[in-house]
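A short write-up of the structure that comes next.
A note on names: the letters A, B, ... follow the listed sequences, proteins ahead of strands, and every chain is numbered from 1. Keep in mind that this is a model prediction, so the values were computed, not measured.
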There are 2 protein chains.
Amino acid sequence: MATGRTHRPATRSRGIPEATVARLPLYLRALTALSERSVPTVSSEELAAAAGVNSAKLRKDFSYLGSYGTRGVGYDVEYLVYQISRELGLTQDWPVVIVGIGNLGAALANYGGFASRGFRVAALIDADPAMAGKPVAGIAVQHTDELESIITGNGVSIGVIATPAGAAQQVCDRLVAAGVTSILNFAPTVLSVPEGVDVRKVDLSIELQILAFHEQRKAGEGERVALPIEGGDLEPSPGGSRGTEGERVALPIEGGAQAGPMARAGQDTGAAAGGRQQGPDGDVPAVMPA
Amino acid sequence: MATGRTHRPATRSRGIPEATVARLPLYLRALTALSERSVPTVSSEELAAAAGVNSAKLRKDFSYLGSYGTRGVGYDVEYLVYQISRELGLTQDWPVVIVGIGNLGAALANYGGFASRGFRVAALIDADPAMAGKPVAGIAVQHTDELESIITGNGVSIGVIATPAGAAQQVCDRLVAAGVTSILNFAPTVLSVPEGVDVRKVDLSIELQILAFHEQRKAGEGERVALPIEGGDLEPSPGGSRGTEGERVALPIEGGAQAGPMARAGQDTGAAAGGRQQGPDGDVPAVMPA
DNA sequence: CCATCTTTGTGCACGCGTTCACAAAGACAT
DNA sequence: ATGTCTTTGTGAACGCGTGCACAAAGATGG
């Protein structure tokens with residue numbers, strides 16, 4: 001999901017499949033709710049329903065952690081909460097910095113779910129000098145100049161990027177150089193990072209577009225009359241069916257530009273943070289900061 | 001991968017794999033950037049690098065849409081932008097409502113990337129009467145009472161839920177009843193919806209927890225000395241290693257409560273919106289609204 | 001102590017997604 | 001027109017994730 005799935009297929013860490021890891025927080029949430037209700041034990045069937053997954057899948061997931069259930073009874077809620085928390089690394093404190101305190105950054109800073117999961121907002125960082133010193137969610141915003149010292153000083157290893165897309169790669173590079181090895185990226189850009197750094201992506205625009213795809217499909221099925229859309233049958237001649245642009249042919253422009261400006265598009269692995277142009281949109285995260 | 005992945009495995013719509021659909025917006029973004037730079041054509045290799053994927057994967061993805069490339073040359077940027085936009089349904093207008101105008105909801109309302117992708121914020125809805133009439137991002141917030149009339153009046157089929165978790169299912173039910181068939185959910189809850197309704201989930205907390213897992217793993221590999229963590233070897237006796245709770249045994253509580261309060265945990269498919277209790281966290285979306 | 005009943009843990013098969021590797025297609029030069 | 005060179009489109013193999021179905025484990029009752 002949210003999308004976001006720009007995660008290195010990675011090293012099947014400790015034998016626990018990535019898909020299972022992604023579901024553990026789901027189980028943890030359901031278990032926490034049960035715990036607060038003082039429910040002592042829960043069966044795989046019940047817990048699976050609460051987490052919205054298949055019970056067999058849940059049992060298989062738990063089997064990667066060890067044999068923590070009791071046949072004929074189920075799982076001990078408290079014990080499982082602890083085991084999953086430990087497996088996810090939530091029993092320790094994770095200082096986090098948020099870079100880019102715009103609409104979204106501020107909203108994230110106000111998120112109450114950090115502390116209880118072991119995450120602590122160590123600092124808020126923004127490039128706007130006017131923001132420096134202003135308190136957001138009870139924390140004074142600091143200027144980008146202090147990024148490195150903040151990271152090293154607090155031993156931060158997780159960074160959240162909520163800047164415009166144009167600044168994201170640059171911020172990312174600085175975070176990584178300062179020692180951050182896990183990044184949650186809200187900017188609509190593909191971040192390139194060195195080996196060993198994890199990046200997860202959250203992108204509202206992408207999620208909506210995926211929904212639109214399915215929505216269109218649903219609509220097109222009910223009334224396949226008035227809509228000449230529904231293409232895709234290997235018919236590459238759209239002609240002027242759409243009004244946006246006049247003529248569309250497969251090869252209107254031939255010739256040059258094979259490796260000229262093109263080469264840059266593909267190979268901006270690290271140093272391309274310089275010349276990004278401003279698009280009308282897509283250049284800011286799901287939520288326009290500042 | 002942020003997210004959110006609570007998406008029905010679904011019907012392999014029109015032969016286009018779900019995984020491919022999820023990548024189309026990525027390609028579209030890269031292509032749009034090239035288009036703005038007036039780049040006429042692009043090879044699969046270059047475009048793949050820009051989108052952060054494998055070139056073979058990209059070619060296979062495009063092959064599901066049809067044969068839009070030219071061997072020896074590459075793909076025509078403008079034409080491909082159009083084809084993908086059409087496939088995703090972005091050539092038409094999608095009115096969207098945002099329910100829950102807190103920190104996050106407001107941030108989403110300010111998002112500039114809506115319009116250019118064919119999404120239009122038709123209305124902002126909040127349950128707080130004090131919010132009604134207040135302009136957010138240039139749009140007056142409307143009260144929840146008007147939810148149904150707004151949906152039907154504007155022909156809205158996509159809804160965004162940014163309410164606290166406690167209200168999410170209820171809001172979801174009302175949206176669906178009013179005609180919404182695609183939902184983007186920011187509340188940390190598993191939404192249950194009838195067949196035919198798509199739900200995508202975005203959850204900051206989950207993303208951070210997944211990062212923490214990998215982060216812990218990295219840390220545990222470098223110095224497997226001072227950390228007695230690194231467990232998982234089928235050793236289910238944690239003892240008192242953690243301070244939160246005293247003793248942890250696999251089966252501290254036996255006996256009753258097999259189907260009493262437990263049954264409710266699993267079976268709250270629709271009408272359970274009533275009795276949710278307030279947890280310390282996790283009860284609000286990634287960003288605490290209001 | 002034995003029988004029964006519940007629920008876990010998992011072997012197995014299936015399907016999707018990814019990747020490799022290459023033949024076919026077309027551009028371009030001569 | 002022919003040859004060379006580039007790049008697409010895809011057949012095929014592989015690996016991961018999912019779900020079924022069932023044997024084993026343990027609780028519970030007599």
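- A residue-by-residue look at A:A56 and B:F62 shows that B:F62 has its nearest nucleotide of DNA chain D further toward the 5' end.
- Considering all non-hydrogen atoms of both residues, B:G15 and B:Y64 come closest at O-CD2, 3.9 Å.
- The base of D:dG19 is paired with the side chain of A:K60 by a donor and an acceptor separated by under 3.5 Å.
- Here C:dG26 is the nucleotide among C:dG9, C:dA21, C:dG26 with the atom lying nearest to any side-chain atom of B:T70.
- Summarising the geometry, the separation between CD on A:E45 and P on D:dG19 is reported as 13 Å, rounded to the nearest angstrom.
- Along DNA chain D, the nucleotide nearest A:R71 and the nucleotide nearest A:R23 are compared for position; the residue whose nucleotide lies closer to the 5' end is A:R23.
- The interatomic distance linking B:L24 (CG) with C:dG17 (P) rounds to 13 Å, in whole Å.
- Ring-centre distance between A:F62 and A:Y68: not below the 6.0 Å cut-off.
- Residue B:K57 contributes atom NZ, which lies 18 Å from atom C1' of D:dT8 at whole-angstrom precision.
- Here the P atom of nucleotide D:dT7 and the CG atom of B:N54 are 16 Å apart, to the nearest Å.
- At a threshold of 4.5 Å between non-hydrogen side-chain atoms, the residues B:R29 and A:T189 do not count as touching.
- In this entry the distance linking CD of A:E18 with P of D:dG17 reads 8 Å, nearest Å.
- Closest contact between the side chain of B:V73 and the listed nucleotides C:dA27, C:dT10, D:dG17 involves C:dA27.
- Remark: C1' of C:dT8 and CG of A:L58 are 11 Å apart, rounded to the nearest angstrom.
- Picking from D:dG17, C:dT7, C:dG17 the nucleotide with the shortest atom distance to the side chain of A:S43 gives C:dT7.
- Atom P of nucleotide C:dG11 and atom OH of A:Y64 are separated by 10 Å, given to the nearest angstrom.
- Residue A:Y75 places at least one side-chain N or O under 4.0 Å from the OP1 or OP2 atom of C:dG9.
- One atom, CD1 of A:I16, and another, C1' of D:dC16, lie 16 Å apart when rounded to the nearest Å.
- Between A:S44 and C:dT8 there is a side-chain N or O to OP1 or OP2 distance below 4.0 Å.
- Counting heavy atoms from C-beta on, the side chains of A:L191 and A:K201 never come closer than 4.5 Å.
- Put simply, the side chain of A:L34 reaches to within 4.5 Å of the side chain of A:L47, judged on heavy atoms.
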